[in-house]
Amino acid sequence: MSPVLEVRGLCKAFGGVHAVEDLHFDLHAGERLALIGPNGAGKSTSFQMLMGELRPDAGTARFEGVDLVGRDPREIWSLGVGRTFQITSVFASMSVVENVQTALQAQNGESFDPFRRARDRRREEAMSLLERVGMAAQADRPASVLAYGDVKRLEFAIALAGAPRLLLMDEPTAGMAPKERHALMDLVSGTVAERGISVLFTEHDMDVVFGHADRIMVLDRGRLIADGAPDAVRADAKVRSVYLGSAAETGHA
Ligand code: ADP
Ligand code: MG
């Protein structure tokens with residue numbers, strides 16, 4: 001089967017800084033691929049190029065054969081590439097279920113107007129997504145009163161509202177405690193397995209990475225230095241020297 005995502009030669013420089021150089025990889029159907037590397041390695045720049053937020057200087061990124069380069073975020077979303085937005089993208093003045101209804105309406109080409117209440121449109125569909133992420137009991141609470149971990153689950157439900165076939169997640173668990181990180185990533189793993197969604201994600205907690213990735217790529221100063229099965233990456237001398245260090249020996253980096 002051809003890859004879901006084929007990235008070839010993606011480059012982005014900021015002034016003299018080569019943030020990403022010649023990024024190239026394939027992502028296969030149903031695969032959970034982690035992109036890791038030290039701060040400033042170019043992970044977010046890579047995600048932003050795939051999400052349409054940054055235009056690459058060179059390269060291609062084909063999703064199901066369609067090049068994402070040059071498309072805006074909304075077009076990319078409507079092609080079936082979901083992503084998690086940061087907390088600010090959740091409309092605090094709306095209830096939890098209204099946030100999901102609004103995303104469902106946008107996906108279905110209905111007018112997307114954050115100032116108009118979603119009311120009852122697509123409520124049932126929204127409720128089933130909230131059930132999937134364990135948020136049904138909080139459906140009618142204002143999003144503004146949610147605990148942080150629950151906001152993250154709501155963000156995930158909103159990402160699913162687009163019925164994505166590929167999910168891009170740049171630090172989906174940022175700011176969460178270790179236990180919550182595992183819980184969120186368990187939810188992500190279970191959901192993508194059930195729906196056959198492919199995932200590219202990044203994450204600082206190596207326990208979470210090694211627990212949830214089928215494959216791992218390592219970026220260092222904008223370049224890929226490894227791409228392979230978790231065990232092979234964990235054992236890679238170059239990776240250990242730039243990133244994992246001795247902590248990887250125990251599996252608790
Ligand atoms: P990571 O997400 O792996 O921590 P980033 O992709 O955010 O890394 O950053 C990669 C490099 O590009 C860093 O040197 C960073 O300072 C630089 N960079 C990122 N975004 C910008 C920007 N908008 N303007 C200038 N430099 C940037
Ligand atoms: Mg980053």
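In what follows, residues are counted from 1 in the order of the sequence shown. As the structure lists them, so they are numbered: ligands from 1, and atoms in each ligand from 1.
Set against the non-hydrogen atoms of N39, the atoms of ligand 1 under 4.0 Å away are 4 (O). Within ligand 1, counting atoms from 1 as listed, the ones closer than 4.0 Å to a heavy atom of T45 are 5 (P), 6 (O), 9 (O), 10 (C), 19 (C). Close approach of ligand 1 to V17 (heavy-atom distance below 4.0 Å) involves ligand atoms 14 (O).
Using a 4.5 Å cut-off on side-chain heavy atoms (C-beta onward), M169 and T202 make no contact. Considering only heavy atoms from C-beta on, E203 comes within 4.5 Å of R181 through its side chain. The closest side-chain heavy-atom distance from I158 to N99 is below 4.5 Å. Side-chain contact check for Q101 versus V97: some heavy-atom pair is nearer than 4.5 Å. Side-chain contact between F156 and L167 is present, with heavy atoms from C-beta onward closer than 4.5 Å.
Where the criterion is an N or O separation shorter than 3.5 Å, residue side chain and backbone included, A41 meets it with respect to ligand 1.
Look at S44 and the Mg ion (ligand 2): an N/O/S atom of the residue is under 2.8 Å from the metal.
The single protein non-hydrogen atom nearest to atom 11 (C) of ligand 1 is G40 O, 3.6 Å, given as residue, atom name and distance. Of all protein heavy atoms, the one closest to atom 7 (O) of ligand 1 is S44 CB, 3.7 Å. The single protein non-hydrogen atom nearest to atom 23 (N) of ligand 1 is F14 CE2, 3.7 Å, given as residue, atom name and distance. In terms of protein heavy atoms, atom 12 (O) of ligand 1 is closest to A19 CB, 3.3 Å.
With respect to D170 and K43, no salt bridge is recorded, no charged nitrogen being found less than 4.0 Å from a carboxylate O.
F47 does not carry R83 over the face of its six-membered ring by the limits of under 6.0 Å from the centre and within 45° of the normal.
Using a 4.5 Å cut-off between side-chain heavy atoms of Ile, Leu, Val, Met, Phe, Trp and Tyr, with links allowed through other members, F201 and L23 fall into different hydrophobic clusters.
For atom 15 (C) of ligand 1, the protein comes within 4.0 Å by no heavy atom at all.
Remark: distances from the non-hydrogen atoms of G42 to ligand 1 include one below 4.0 Å.
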